[in-house]
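Note sheet for the following structure.
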Amino acid sequence: MGLTACGGGAEQAGSSQSAPMGTGAPLKPAVPDQGEADSGEEARPEASAREDGEKDTATAQISTFALDVDTASYGYARRTLQEGRWPAPGEIRPEEWVNAFRQDYAQPSGDGFTVHVDGARLPQRDEAVLRVGLQTRASDSSERRPANLTFVVDVSGSMAEAGRLDLVRSSLLKLLDQLAPGDQVSIVSFSDEARVLASMTPLTARDELRAAVERLSVAGGTNLEVGVLAGYQEAVKAFRPAATNRVILLSDGLANQGATAWQTISDQVKEQAAKQLTLLTVGVGRDYGDELMERLADTGDGMAVYVSGEEEATRLFTTQLPATLDLRARDAKAQVVFNPAVVDGYRLIGYENRALSTEEFRDDSRDGGEIGPGHSVTALYALKLKPGADGQLAQATVRWLDPDTRTASESGKSLDSGGLAGSIWDKAPVRLQVDVVVAAFATYLRDRQASGTDVRDRQVLGMDLQTLGEHAGRLAATSEDPMVTELVTLIDRAKAVG
């Protein structure tokens, strides 16, 4: 198997970067060190997407990106496949697929990160996969600080479809039962205009909040801009310095009034994010504005999730959300420095819209990712190794700011070539094997449709759907993980759709 990169989003997926490693596709070369890892003159991240394979000696050795715990891409693509449709290439972000799966990394004892680095050799000569895993300490809702939650609910006409507003309403009612007495909730609805149904109300007045939820009803168009801004206004008015202050947008993301482009709305959200307000976007609906919701979450120092049914919504609102309201880290970033004496070339799988330049790693004014309790973040790299070379492969470092004091901290770990498992499918950890299958499946779905090419007779990422299904089936039995079992059915659905 040759593992290729997820180089480029939908607009780049048809480029030479989608060719498998080992077939002459240009890799981003590792080159001799030009000084300290964070002091080189580096071009902007988009330079790595050049199709001419130009060797840029200032950028080749270092990979830097903001952390991302979004999982909406996987959730929505899963629903799309289950309904017999092929996901749109622009909606597939492989890193979100990988991060949707359990990793089982060791947790730190404090509020920072553990750094996990491992990898395995691939069947092709001198090729390998490297995994960088980051993990925060979990907590339960009894340990967290009080929360101010402002729910911004889309009640436009498109939300009338089953599985949209009805799912949002039932989810909010369940969440109200899980929150603590010290929490406060505000509810804002929007269609053509925004309406405050409940100003910031303590959970001791649950009946008032339940009544506000029951008043949510469908009417009008979708002015998402006015709804988001009204929600932030409510959150700012009720801001509590000692609490977690979060805006939660629940919508299908299909804006059709006011500003409808994510760039315009994001500019306004960015101003609010600087006030220590984080944004969670919860997507619903068969038709879903994925890009808008994902970009808003990134700009709003938060995360994007997608729920397709009652089971997922119950898990999110009764278990995951109450336990992850706190933040463990602000503006978290990762940097991986490769040893050019051992690594000839590399590609980062995914994270295209989270790429940073080298100097931005320690520029604490540059936005990173916000990470909550118990979250894991995984990055996969495809490596081309120098024949016969031994020694350190790479050094991975994570940098983050304390959520309250904004004090910067770093943690890191390295991996030598001798630490690589001898074979990805025979000797690598089960979770690493699952990550490789998930990433390969994601890029298969994305790159096939984006390039407009029929790939039934050729392999993408070194694995066709038949091979992916075989590996997934074996791993489902080994891992006893329901999500891996579901992955087998999704691959089967892709076979049927394709």
Side-chain angles (χ1 to χ4, degrees), residues 68-72 74-76 96 99-100 102 136-154 163-188 198 200-203 206 209-210 212-213 216 228 231 234-235 238 240 243-251 253 276-284 293-294 296-298 300-330 369-377 403 483:
D68 192 346
V69 293
D70 295 350
T71 60
Y74 177 73
Y76 186 52
E96 294 188 22
N99 284 327
R102 198 177 91 208
T136 59
R137 178 175 59 85
S139 65
D140 59 48
S141 55
S142 64
E143 298 177 359
R144 66 170 175 84
R145 68 181 72 191
N148 268 21
L149 305 180
T150 301
F151 292 94
V152 181
V153 183
D154 185 349
R164 299 196 187 194
L165 185 57
D166 57 335
L167 182 61
V168 167
R169 191 185 294 112
S170 65
S171 298
L172 290 180
L173 291 173
K174 291 173 183 175
L175 178 62
L176 291 176
D177 290 334
Q178 301 298 317
L179 295 177
D183 299 329
Q184 297 185 141
V185 169
S186 178
I187 300 174
V188 177
M200 199 60 73
T201 303
L203 261 293
R206 276 190 175 89
L209 292 169
R210 289 193 184 100
V213 172
L216 292 168
V228 168
E234 285 296 306
R240 283 193 289 171
T244 298
N245 295 267
R246 180 166 295 183
V247 176
I248 302 176
L249 172 64
L250 303 107
S251 173
Q276 297 191 17
L277 295 168
T278 57
L279 175 66
L280 169 67
T281 65
V282 181
V284 296
M293 298 285 275
E294 189 258 346
L296 286 179
D298 287 347
D301 288 348
M303 63 181 291
V305 298
Y306 175 87
V307 294
S308 61
E310 286 286 348
E311 183 177 349
E312 291 174 74
T314 298
R315 183 167 59 249
L316 173 67
F317 284 96
T318 64
T319 304
Q320 296 173 347
L321 183 57
T324 59
L325 283 173
D326 278 348
L327 281 182
R328 289 280 186 252
R330 286 190 184 274
E370 274 54 48
I371 312 298
H375 277 140
S376 64
V377 182
M483 286 192 66

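Position 1 is the first residue of the sequence; numbering continues from there.
Summarising the geometry of Gln178 relative to Phe317, their closest heavy-atom pair is CG-O, 4.1 Å, with the distance given to 0.1 Å. Shown here for Pro403 and Leu327, the closest heavy-atom pair between the two residues is CG-O, 3.4 Å. Closest heavy-atom contact between Val228 and Val152: N-CG1, 4.2 Å. Across all their heavy atoms, Leu250 and Phe151 have their closest contact at CD1-CD2, 3.8 Å. Taking every heavy atom of both residues into account, Arg169 and Leu216 meet most closely at NH2-O, 2.7 Å.
In this structure, the side chain of Thr281 engages the main chain of Met293 through a donor-acceptor pair within 3.5 Å. Of the possible polar contacts, one joining the Thr136 side chain to the Gly372 backbone as a donor-acceptor pair under 3.5 Å is found. In terms of modelled atom types and a separation under 3.5 Å, the side chain of Thr319 and the main chain of Leu316 share no donor-acceptor contact. Checked by atom type and distance alone, the side chain of Asn99 never pairs as donor or acceptor with a backbone atom of Asp70 at under 3.5 Å. Judged by distance alone, with hydrogens and angles left aside, the side-chain atoms of Asp166 form a donor-acceptor pair with the main-chain N or O of Arg164 at under 3.5 Å.
The closest side-chain heavy-atom distance from Thr201 to Val185 is not below 4.5 Å. Between Arg328 and Arg137, some side-chain heavy-atom pair lies under the 4.5 Å cut-off. In this structure, the side chains of Met483 and Tyr74 come closer than 4.5 Å at one or more pairs of heavy atoms. Val69 has its side chain within reach of Val377: a pair of non-hydrogen atoms, C-beta onward, lies under 4.5 Å apart. Taking the side chain as every heavy atom from C-beta outward, Thr324 and Pro373 approach each other to under 4.5 Å. Inter-residue side-chain proximity for Leu280 and Glu370 is flagged as unmet; no heavy-atom pair is nearer than 4.5 Å. Contact of the Val153 side chain with the Leu172 side chain is registered, since non-hydrogen atoms from C-beta on lie closer than 4.5 Å.
Separating the CE atom in Met200 from the CZ atom in Arg240 is a distance of 8.0 Å, to the nearest 0.5 Å.
At a threshold of 4.0 Å, the pair Arg144-Asp183 counts as salt-bridged, since one of the basic side-chain nitrogens sits closer than that to a carboxylate oxygen.
Of the options Thr278, Asp301, Thr150, a side-chain hydrogen bond (donor to acceptor under 3.5 Å, both in side chains) to Arg246 is made by Thr278 and by none of the others.
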